[in-house]
Protein chains: 2
Amino acid sequence: MSKTKIRNMEEFSAICGISRPTLSKFFNDPTSVRRSTRAKIEAALEKYDYRPNIYAMNQNRTKTRTIGILVPYLADPFFSEIGRAVELACIEAGYSPLLLSSHGSRQQEVDNLDLLRGLKPAGVLLAPLGRDSDAEVIRRFGRDVPLVLFDANIEDAGEAFVGSDNFQSIDLMVDYLCRSGQPPCLFEMKSPVNPNANKRRAAYLDSMARHGQTAHVFQADGTGWDFEEIGLNAGGRMLADGAFPTDTILCSNDRLAIGMLSAAFGLGIRVGHREGAALRVAGHDDHPFARYTAPPLTTIAQDYSAIAARAASTLFALLDGGDHTPSREETLFDGRLVMRDSA
Amino acid sequence: MSKTKIRNMEEFSAICGISRPTLSKFFNDPTSVRRSTRAKIEAALEKYDYRPNIYAMNQNRTKTRTIGILVPYLADPFFSEIGRAVELACIEAGYSPLLLSSHGSRQQEVDNLDLLRGLKPAGVLLAPLGRDSDAEVIRRFGRDVPLVLFDANIEDAGEAFVGSDNFQSIDLMVDYLCRSGQPPCLFEMKSPVNPNANKRRAAYLDSMARHGQTAHVFQADGTGWDFEEIGLNAGGRMLADGAFPTDTILCSNDRLAIGMLSAAFGLGIRVGHREGAALRVAGHDDHPFARYTAPPLTTIAQDYSAIAARAASTLFALLDGGDHTPSREETLFDGRLVMRDSA
DNA sequence: AGTTAAAATTAACGCGCGTAAAATTTTAAT
DNA sequence: ATTAAAATTTTACGCGCGTTAATTTTAACT
C-alpha cells in the first residue's frame with residue numbers, strides 16, 4: 001500500500017491511467033466496464049486505497065444506493081433481529097442499508113422520516129410504530145419515496161405490506177390450546193401500540209366462536225413499550241385476584257407473556273402443560289428469549305427471515321421495475337406453532 | 001405551507017430576503033446570526049419548508065456534525081439500550097448520531113469503520129467486538145478520527161475509554177455471596193469474545209483469595225454471541241454432572257445466567273436464596289430482562305446511562321478542545337449490587 | 001482484411017453549498 | 001452626533017463527482 005494520499009478521482013485517474021468518467025462508471029457498477037479495465041482499476045485500488053467521496057457522489061445522483069430501514073423500537077429484540085435480517089438482505093443486493101429506530105416515539109418517527117427524505121434513499125423499509133404513527137405523514141412519505149411496510153400495516157401507505165397472518169396464527173394457537181386443555185383467555189393491553197394486537201383480538205374472538213367456546217378478554221392498563229413490566233404488574237394483579245375463568249392464558253405477544261410468567265412465578269403458581277401445573281401461558285412471536293423462560297414459552301413463531309427477505313425483495317422489484325405497481329399488494333406469512341412447556 | 005417547491009438555498013434566499021452566505025451560517029448554527037434575521041428565516045421556513053441538501057452541505061465541510069456509534073451486536077439488549085442512551089446524548093448536544101452494528105463479525109466491524117471514515121464524522125463512539133476486533137485497524141482509525149471507546153477496552157486505541165470497574169463489581173458480588181451463603185464458583189465461556197470476561201475472571205480469583213476461599217472456574221465451550229444457548233447447554237451438562245462443588249454459581253454475564261437458570265429449571269433444580277432452594281445463581285450487567293427471569297436474577301447493575309453520558313461528553317470535550325489530550329484517560333464506573341431472588 | 005458495435009476518452013458543464021474577502025449596513029456604546 | 005464593533009451583503013471561487021456529447025480506440029464479427 002503506497003503512502004501517497006489520493007485526494008480525488010482526478011488524481012486516481014492519472015495514477016491508474018483510466019479516464020475519470022470511466023472510473024465514475026466503475027464505482028457505480030464495477031460490471032459496467034470492460035473486464036480488462038476493471039482489473040486495472042482494482043489493481044490500482046489495492047495499491048493506493050482510494051475511495052470516492054460519499055457526499056459528492058450522492059449530491060447530484062437522483063437515486064442513491066441507500067436503503068432506509070426504520071423500526072419502531074430497536075431495544076425490542078424482535079425488531080433488532082428482523083432489522084438485522086433486512087440489513088443483510090440489502091447488503092447482499094448491493095445496497096447500503098441504514099437502520100434507524102424511532103425509540104417508541106411518534107416525533108422521532110417523523111424526524112427519522114424527515115432525515116431519510118434528505119438522504120434521498122433508493123427506497124425505505126418501514127415498520128411503523130402503529131397507533132402512535134402519524135399515518136398521514138407516512139402516506140405522504142410513500143408518495144415521494146419507494147416504500148414498503150412490514151410488521152405493522154397502515155392503510156394505503158407505501159406500495160406494499162409484508163407481515164404475518166394473525167388470523168391464521170391465533171386460530172392455530174387457539175385450536176391447539178382447546179385440544180390440549182381448557183380454552184384460553186386472552187391477555188392484552190388496553191391501548192396497544194401495535195395494530196397487530198387488534199387483529200389478534202379479533203382473531204381470538206372469531207376463533208373462540210368457531211370452537212364453540214366463550215371468549216374472555218382481559219386488558220392491562222399501561223402505555224408505552226415496557227411490555228414485560230405491564231405483563232408483570234397487571235397480569236400479577238389478575239392472577240392474584242383469580243380473575244381468569246380458565247387455567248389457560250393466551251398473551252397477545254411474548255413480551256407480555258414473559259411478564260406474566262414472572263408474575264406467576266412470584267405468586268408461586270406452577271405454570272406448564274403437565275399434570276400438577278395450575279396455569280398454562282402461551283405467547284406470540286417467538287421472541288428470541290422465549291425458549292429460555294421458565295418454563296420455556298409455547299408460542300407462535302413468526303418467520304423473521306422470510307418476512308425480512310420478502311419485504312426487501314418486494315422493494316428491490318419496485319426499484320428495478322421503475323413503474324409503481326398500480327395495486328398495493330399485501331403479503332401475509334403463516335405462523336408456526338412452537339410447543340414448549342408453558343402450555 | 002405554500003406549494004412552491006424550493007430547489008436550493010439560492011431560491012430560498014430570494015424568497016426570504018436574506019443573503020445566501022447568511023443562510024449558510026444560520027443552518028450551521030442558528031445562534032450565529034442576529035436575532036431579528038433568525039426570526040425572519042424561521043418564519044420563512046414555516047411557510048416554505050426548505051431543507052439544505054445534506055450531501056452538498058457535508059461535501060466541503062471538514063468537520064461534519066455526524067457522530068458515529070458502533071456497537072458489536074445490536075440484537076443484544078445490553079447494546080441496544082446503551083446505544084440508545086448514547087444516541088440521545090448526541091442529539092441533545094446537537095449532533096446527528098448514526099448507530100451501526102457489527103453483528104458480531106470482525107469483517108463487519110472493519111467495514112463499518114471504513115464506512116464511517118468515508119462519512120467524515122466529527123467523532124466516533126466505539127464499543128469494540130473485543131477479542132475478535134482487529135486492534136491495529138482500530139488504533140489506526142483512532143489516529144484519523146476522534147475516537148472514544150466504551151464497554152470494551154483496546155490498549156492505546158482512541159483518546160479515552162469509558163467502562164465499568166469489573167474488579168470493584170465482582171468483588172462486591174463475591175463479598176455478598178460469601179456473606180449470604182456458600183462461596184461462588186465462576187461460570188464463564190472458555191473463549192470469551194468480550195475482554196471484560198477476562199477481567200472478571202481475574203477479579204474473581206483475586207477476590208476469592210482475599211476472602212480465603214478456594215476458587216473454582218468452569219468454562220463453557222462454544223463460540224459466538226448466543227450466550228443463552230451456551231449457558232443452557234454447557235451449564236445444563238455441568239449441573240447434571242454435579243460438577244459444581246458449591247451451591248452458588250456466579251455467571252460471567254447475565255445472558256449466560258439466563259441460560260443457566262433455564263437449564264436448572266429444566267432439571268427441576270430449585271434456584272433461589274431462600275430455604276429449600278438447591279442452587280444460587282448470580283449474573284453481571286443487569287440485563288434488561290434480568291428482572292423477569294424465574295427467579296428474578298441477582299446481578300450487578302452497570303450504570304448504562306452514566307457510561308453513555310460520560311463517553312459522549314468525553315468525546316464532545318475532545319471535539320471542542322481541538323487539541324488531542326496527551327494522556328489517554330480511562331474512566332471506570334462502579335457497579336451496583338441488585339439483590340433479587342436468584343441468589 | 002473490412003465492418004460494426006461496444007467501450008473508453010476528451011472536454012465541458014452543473015449540482016448545491018462552504019467559504020473567503022471586501023464593501024456595506026446595522027447596532028451598540030461613548 | 002460620533003465612533004467602533006458587529007452583522008450582513010456582494011462577489012466570486014472551489015469542492016468532488018455525475019453526466020452528457022462528440023470523438024477515438026478496442027474488441028468481435030463476417
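In this structure, the CZ atom of B/F12 is 13 Å from the P atom of C/dG18, given to the nearest Å. Going from atom CZ of B/R65 over to atom C1' of C/dC17 covers 17 Å, rounded to whole Å. Rounded to an integer number of Å, the gap from B/R34 CZ to C/dT24 P is 17 Å. Atom CZ in B/R35 sits about 15 Å away from atom C1' in C/dT26, given to the nearest Å. For B/D29 and C/dT19, the CG to P distance is 13 Å, given to the nearest whole Å.
Under 4.0 angstrom from either OP1 or OP2 of C/dA8 there lies no side-chain N or O belonging to A/S19. Between A/T22 and C/dA7 there is no side-chain N or O to OP1 or OP2 distance below 4.0 Å.
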Does the salt bridge (Lys or Arg N to Asp or Glu O under 4.0 Å) test come out yes or no for B/D156 and B/R328, once each step is laid out? CA-CA 7 Å; B/D156 295 329; B/R328 183 176 186 279; 5.3 Å; no
Strictly under 4.0 angstrom, non-hydrogen atoms only: write out the protein contact profile of nucleotides 17-22 of chain D, one letter per nucleotide from the 5' end, B, S or -. BBB---
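Applying the ring-ring contact (aromatic ring centres under 6.0 Å, His included) rule to A/F26 yields no partners; only residues at least two apart in sequence or on another chain are considered. The salt bridge (Lys or Arg N to Asp or Glu O under 4.0 Å) check on B/R65 picks up nothing, with sequence neighbours excluded.
Between B/Y73 and B/F78, the distance from one ring center to the other does not fall under 6.0 angstrom.
Contact of the B/Y50 side chain with the B/M9 side chain is registered, since non-hydrogen atoms from C-beta on lie closer than 4.5 Å.
Counting all heavy atoms, side chain and backbone alike, A/L99 lies closest to A/G83 at CD1-CA, 4.3 Å.
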